[in-house]
Amino acid sequence: MNHQQLPAPDEFHVQADTDAIGEARQRIVRTAQRWSVPLSDSALSDVELCASEVITNALTHAGDECWVRTRWTGRFLQIEVTDRSPRPPVLSAALPDATGGRGLALVECLSHDWGWVPRDLGKTVFFLVADDDVPKGPATVDAELLACAGRLA
């Protein structure tokens, strides 16, 4: 990684209302574009969908508010969603005719990696997305996740 100065993380609060999720995912994409992160339109679409899923989960299962943090690491766009529920996220297999239950499966499929960190008053769920030419999977992001875990703690 070169020694370029990275932008300060963008942090904001989301309260459940009709437009909250759409506005949050648009802010994340606009922030990435403003920072000129080297992500393709396809990768930014993946960020938008994953953010939608993780924020929806926080607002649906953990209360009516969450906090979002967008960070550029120099290689990955990292999105963190913090809520007040101590319950860990559950990756489940939805039945074909189910109308829900696929959110984290989508995040796992579309992101380079994802995880969660317990908090004193809840948890933070995060995911990482890089450009299309960066291989997906844990081996690619292990060092990044170690660094991330230190910053999330």
Side-chain angles (χ1 to χ4, degrees), residues 6-37 39-73 75-132 134 136-138 141 144-153:
L6 300 175
D10 181 52
E11 301 178 18
F12 60 98
H13 179 244
V14 178
Q15 286 194 281
D17 69 37
T18 308
D19 300 324
I21 296 167
E23 290 171 1
R25 71 175 181 243
Q26 289 171 8
R27 178 172 174 166
I28 291 165
V29 170
R30 281 193 315 268
T31 297
Q33 291 168 332
R34 187 179 72 244
W35 290 341
S36 299
V37 299
L39 297 181
S40 67
D41 290 341
S42 174
L44 284 174
S45 291
D46 291 347
V47 167
E48 193 171 10
L49 181 56
C50 290
S52 233
E53 294 298 337
V54 175
I55 294 167
T56 296
N57 282 352
L59 295 177
T60 301
H61 302 294
D64 60 354
E65 65 182 347
C66 64
W67 295 264
V68 178
R69 183 174 190 249
T70 304
R71 191 172 70 82
W72 175 244
T73 72
R75 186 172 183 199
F76 294 94
L77 190 65
Q78 177 180 320
I79 310 302
E80 304 165 11
V81 178
T82 301
D83 63 51
R84 289 193 175 124
S85 172
R87 293 184 321 216
V90 177
L91 180 63
S92 60
L95 296 172
D97 59 345
T99 58
R102 293 178 183 83
L104 288 178
L106 284 170
V107 173
E108 182 167 87
C109 181
L110 297 175
S111 70
H112 281 72
D113 209 356
W114 74 279
W116 70 283
V117 177
R119 297 277 186 209
D120 288 339
L121 296 173
K123 68 180 170 303
T124 297
V125 177
F126 64 90
F127 65 90
L128 299 135
V129 174
D131 204 9
D132 305 328
V134 176
K136 292 184 179 179
V141 294
E144 192 70 36
L145 285 176
L146 287 174
C148 169
R151 285 187 292 273
L152 288 174

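Using a 4.5 Å cut-off on side-chain heavy atoms (C-beta onward), V117 and F126 make contact. With a 4.5 Å cut-off on side-chain heavy atoms, L59 and D64 do not count as touching. I55 is listed as a side-chain neighbour of I28, based on a closest heavy-atom distance under 4.5 Å. Under the 4.5 Å side-chain criterion, counting only non-hydrogen atoms from C-beta, L110 is not in contact with V129. In this structure, P88 and K123 have side chains that are not in contact, with every pair of non-hydrogen atoms separated by 4.5 Å or more. Side-chain contact check for T124 versus R119: some heavy-atom pair is nearer than 4.5 Å. With contacts defined as side-chain heavy-atom distances shorter than 4.5 Å, the pair V125/E80 does not qualify. The side-chain heavy atoms of W114 and V54, taken from C-beta on, include no pair separated by under 4.5 Å.
Shown here are the side-chain hydrogen bond (donor to acceptor under 3.5 Å, both in side chains) partners of N57, two or more places apart in sequence or in another chain: there are none. Take H13 and apply the ring pair (Phe, Tyr, Trp, His ring centres under 6.0 Å) test, not counting sequence neighbours, and it matches W67.
To the nearest 0.5 angstrom, D46 atom CG is 9.0 Å from H112 atom NE2. How far CD of E65 is from CD of Q15: 5.5 Å, rounded to the nearest 0.5 Å. Between the CD1 atom in I79 and the OG1 atom in T31 there is a gap of 8.5 Å [rounded to 0.5 Å]. Atom CD in Q33 sits 6.0 Å away from atom CG in L44 (nearest 0.5 Å). Separating the CD atom in E108 from the CZ atom in F127 is a distance of 13.5 Å, to the nearest 0.5 Å.
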Test side-chain contact (heavy atoms from CB on, under 4.5 Å) on W35 and T70; report intermediate values, then the result.
CA-CA 11 Å; W35 290 341; T70 304; 3.9 Å; yes
Which is it for S111 and L128 under the side-chain contact (heavy atoms from CB on, under 4.5 Å) test, yes or no, and what are the steps along the way?
CA-CA 6 Å; S111 70; L128 299 135; 5.9 Å; no
Would H61 and T56 count as a side-chain contact (heavy atoms from CB on, under 4.5 Å) here? Give the steps.
CA-CA 8 Å; H61 302 294; T56 296; over 6 Å; no
What donor-acceptor contacts under 3.5 angstrom involve side-chain atoms of residues 16-26, with partners at least two apart or in another chain?
unit_1: D17; atom_1: OD1; unit_2: D19; atom_2: N; d: 2.9
unit_1: D17; atom_1: OD1; unit_2: A20; atom_2: N; d: 3.0
unit_1: R25; atom_1: NH1; unit_2: S52; atom_2: OG; d: 2.9

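Here the closest heavy-atom approach between residue A130 and residue A43 is recorded as O-CB, 3.8 Å.
We find that D10 and R27 are joined by a salt bridge, their nearest charged nitrogen and carboxylate oxygen being less than 4.0 Å apart.
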